[in-house]
Structures are given as C-alpha cells and as structure tokens.
J.: 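One structure coming up, written as structure tokens, with questions to follow.
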Amino acid sequence: MSAPAQPPVAWTGRVTPNAVDAVFAGVALLFVGLPSLAFAVAMGYPATGAAVGGLASLVMPVAIGWRRSHPVHSSVVVYAAALAHVLAGAPLIFADSLIFVALYSVTVYGPMWARRTALGSALLGCLILSGYYAATSGQVPMHSLVVAGAAMTFLSALVMITWAIAMVRKARVDQIESLADRAARLEVERDQQAKIATAAERARIAREMHDIVAHSLSVVIAQADGGRYAASADPEAATRALTTISETGRAALADMRRILGVLRSDDPRDGDLIPQPDDSDLDTLAEHVRDTGLQVSVVRVGEARALPPGAGLTVYRIAQEALTNILKHAGPGVHATLLVQWTPIGLVLQIDDDGRGAAATTDGAGHGLLGMRERTAMLGGTLTTGPRPGGGYRVRAEIPLPGGRGPRPAPSQATAPLTPVVAPPPAPGSGPARGPWPAPTSPPSSGPYPGPGGAAPAPRIGPPARSDPNPLKGSTA
C-alpha cells in the first residue's frame, strides 16, 4: 500500500537566510560594487586611492553576503574597507552606502557589544569624513567648518536613523525568538504532562485490575478447594461451590470488560456503564466473602454522612483487598471484623482478624498494600497495617472528610479499634436476648468475633451465619 501523498511545501519554506543573503550580495555587487568601481576611477583620485577604492567597491558587497550568519565579521570587513580607502586618498565611493547595511545587520543579529561598537565606529567614520573634507577643501576655514558640520550632522542623522530602525527590528526578532522558545517549552511540557497523565491512568487501571482479579481469584480458589474436598461427601455443596465460582467469574469478567472498555473507546454507550461500588456495598462484599467460609462481621458506628467523589470506591476497595489478604494468608477457622466508624473529622475503616496472616510470607510484590496506601493518600488520609495486639492482623485507614470538626489524632499502628457507642441496658424484668447472636442494644460478654479486649462489638453486626454448617468453612487458597 502506497504512503499518502504529502502536501507540497511552498518555495518560501525551502529558501534559507544564507541563500537570500547570497542573492542580496550578488545584487549589491552588480548595482553598487561595479558603479562604485567606475566612480572611484572617474573621480580622479590618486592612483593608490583609486586602486584601494576599486578593491573596496568589490569587497564590501561580497562581505554583505554573511551579514546574518556572521554579522560581526561582515561588519568588520565593511568598516575596514571603508577606512582603508579613506586613508588611501579616496574619501568617498558609492559602495560606502553599504556601511548602513552592515550597521543594521550587526545591530539586529549581533551581540550587545558588537552593536554598540558598530554604532560608535559609524559615528567616528562620520567625524573622520567631515574632518577630511574640512582639511582638504581649500576654502575659507569658517566656510569649511560649516560645511563639515552640516555633513557631520547629516551623516550622523542617517546613522542614528539606521540604528533606531535596527533596534526596532531587533526587538521584534527577540520577541519572535521568545515566542518560539516558549512554544517549544510548552510543547515539551505538554508531552510531559501527557506522559504523567498516561502513567497515572495506567496506575489507576492497574489498581482496579489488581483489586478485581485478586479478590475474584481468591474466592474462586477457595470455592474450588472446598468443593473438591466436599464433592464425595456432599454433592450439593460441590454444586453450590461451582455456582459461586461461576457467579464470581462472571462478575469479575464484567468488571474487567468495563475497565478495559474505557481504553478501547472514547465514547462508551450509556448502557455499558455500570456504577462503581462504594461504602454502601460493604454488606454485599461481606456476604460474598462469607460464602467462601470466612466468618465476617460488619460493625457500623456513628451517623453516616455523604462521602466525596471517589471516597466510597476507596473504602470498598480497601475492605475488599484486606478481606482478600485474610483469605490468602490468615489460615483456616479465621474470624474477621470490618469496622466502619464515622467520627467528627472523618471516617475510620478497620479490618481485624485473628489468623496467622502477620506471620505468613507474602505471595507477590506487595501491590495490594501499596494500592491501599495510594488510594488512602489520594484522599489525604493515612493507612496503618501490621500485627494486631493479641494476635492476628489489622488494616486501619483514616480518611478525613470535608467540614470535619475537632482535633485529628495521630495515626498509630497499635491504636485499638474505636469502642462503639452502647445503648443503655434493658429494663429490669426483661429477659435476655435469645439466639446465637447478641441483641444490638446490649454489649455481649463473649462471642465468636473478638474485638478489643476479647469482646465483640455490639451495634449493627452483619448477617448471622447459616444454621447449616458451611462445608467450605476454613478453606483457604
């Protein structure tokens, strides 16, 4: 397949400044240098003056050919040729008009010291020419001085006008160069910002993919192991395990398609958009994890408030990653507690377990903890992880909320879970709460979910375990 045709480039885009100066030098040699040579011969100057003047008439136009590429050298050659023919006895030739071209060029394209030196040299040349006329005119001294002064004034005015025009052009050239440099820097900065944004987007997608894949695969592995062991004794348990594996796989596949679909299309259809999970889905997450055999209780303390955009997803992903790590590392027969504490200054999310996860070795590069830490830091919060006092492992995230009141406590890894607010004890004469789970209005003395000090937290505990023993309980990846 042939390459697409490129648009034609205008002839002005192929012409370089050096080529323009070369053409200008040729024109100057033809229309200034040759007439100046004839002028030097016809004026009746001495032989030496005529010879030097004729040579200067040819050298000065040629030197103009480098007026932009080498402005200092070009102006030095022009000024030296002009001084040489004056000292040789030819005070004025037609090619001396190129002195103004040299002054203009070195002022526009030369350094600061060169433009100042060129201006002073041009004014000195005017003084030399006027003095030479006054000394050789042979007229009355007063008349010679008046004529010389008028010539000095006129030539100096031409020099200053040329220099002023060159300075205006110099300011314009500097402005164009400054704009070009700024455009180049903005282009570099734009490319850097694009690279930074691309890296940040890749990191965000990597975090989302890690959370989805790690959690789903942990659940699938736990169900597969449990179903394999229970298949011979309880075929129905194996069927339930396969059903859970199927549902988990479909949900993970849908989440992956949703995330990867953002990369494939810039204009996704509204029907393909699925709401992201948030803190209100923690109960569903806990119920999903309970199906694998891990006993999880959800405790909510305080009055729930609206979270900033993205904070709900962060809370959900941190809880999901923490529970996934418990599934992989805590071992069999583990109890976990998911505490959501609303404080005056923010939200505290704490996940505790009583397993052996603190002593277990990692199974990868630690991207899960890094992702949780990055998600918390984006909201201005802190994350502490490590062994829990009394055994087990703890993940504690403190997320500040807008409009929070009161002092913000310093985070500490050994900080105990916040004690829930407990309602007053029941009135005398009322019987104790019945059932395997404590009543939500009285603190239990003991329970299957240890909290700080060995007591289970009371309010809003998640749904109880099924009456039938779960054949998959205790299985781990």
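Nothing fancy with the numbering, it's 1 onward along the sequence.
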J.: For salt bridge (Lys or Arg N to Asp or Glu O under 4.0 Å), just list the numbers for Asp191 and Lys195, CA-CA rounded to whole Å, side-chain angles, deciding distance to a tenth of an Å, and then say yes or no.
T.: CA-CA 6 Å; Asp191 295 340; Lys195 292 180 180 178; over 6 Å; no
J.: Do the side chain of Arg394 and the main chain of Gln350 share a donor and acceptor less than 3.5 angstrom apart?
T.: no
J.: Are Lys170 and Asp174 within salt-bridge range, i.e. N to O under 4.0 Å?
T.: yes
J.: Should the pair Glu303-Arg305 be classified as a salt bridge under the 4.0 Å nitrogen-to-oxygen rule?
T.: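 Judged by the 4.0 Å cut-off on N to carboxylate O distance, Glu303 and Arg305 do not form a salt bridge.
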J.: Examine distances only and state if a side-chain atom of Ser74 and a backbone atom of His70 form a donor-acceptor pair shorter than 3.5 Å.
T.: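 Absent.
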J.: Tell me the closest heavy-atom pair linking Val106 and Arg115, and the distance in Å.
T.: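 Looking at all heavy atoms of both residues, the shortest contact is O-CB, 4.1 Å.
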J.: Please find the pair of heavy atoms, one from Tyr79 and one from Ser121, that lie closest to each other, and give the distance.
T.: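 For Tyr79 and Ser121, the tightest heavy-atom pair comes out as CE2-CB, 3.3 Å.
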J.: Do Ser280 and Asp278 have side-chain atoms, one donor and one acceptor, less than 3.5 Å apart?
T.: yes
J.: Please find the pair of heavy atoms, one from Leu349 and one from Val315, that lie closest to each other, and give the distance.
T.: CD2-O, 3.4 Å
J.: Would Ile326 and Ile351 satisfy side chain to side chain contact (heavy atoms under 4.5 Å, CB included), going step by step from the backbone distance to the final call?
T.: CA-CA 10 Å; Ile326 294 174; Ile351 301 94; 3.8 Å; yes
J.: Look up atom CG in Leu369 and atom CD in Glu374, then write down how far apart they are to the nearest 0.5 Å.
T.: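 The CD atom of Glu374 is 11.5 Å from CG of Leu369, to the nearest 0.5 Å.
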J.: Among Val159, Leu158, Thr162, Val78, whose side chain to side chain contact (heavy atoms under 4.5 Å, CB included) with Ile99 holds?
T.: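 Checked Val159, Leu158, Thr162, Val78 against Ile99; only one passes side chain to side chain contact (heavy atoms under 4.5 Å, CB included): Val78.
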J.: Compare every heavy atom of Arg375 with every heavy atom of Thr314, then report the nearest pair and how far apart it is.
T.: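 Closest pair (atom of Thr314, atom of Arg375, distance): CG2-CB, 3.7 Å.
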J.: Could you check whether any side-chain N or O of Arg290 sits under 3.5 Å from a backbone N or O of Val296, counting only pairs where one atom can act as donor and the other as acceptor?
T.: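 Answer holds: yes.
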J.: Consider only side-chain N and O atoms of Arg190 and Gln193, and report whether a donor and an acceptor are under 3.5 Å apart.
T.: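 No, no side-chain donor-acceptor pair sits under 3.5 Å.
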J.: Can you see which heavy atom on Ala336 is nearest to which on Leu323, and at what distance?
T.: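 Here Ala336 and Leu323 meet closest at CB-CD2, 4.5 Å.
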J.: Any salt bridge linking Asp283 with Arg300? Criterion: basic side-chain nitrogen under 4.0 Å from a carboxylate oxygen.
T.: yes
J.: Does the pair Tyr393 and His329 meet the rule for a side chain to side chain contact (heavy atoms under 4.5 Å, CB included), with working shown?
T.: CA-CA 10 Å; Tyr393 201 80; His329 303 300; over 6 Å; no
J.: Tell me which donor-acceptor pairs under 3.5 Å the side chains of residues 20-28 have, and how far apart each pair is, sequence neighbours excluded?
T.:
residue, atom, partner, partner atom, Å
Asp21, OD1, Arg67, NE, 3.3
Asp21, OD1, Arg68, NE, 3.2
Asp21, OD1, Arg68, NH2, 3.1
Asp21, OD2, Arg68, NE, 3.3

J.: What are the two closest non-hydrogen atoms of Leu338 and Val340, and how far apart are they?
T.: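 Heavy atoms of Leu338 and Val340 come nearest at CD2-CG2, 3.7 Å.
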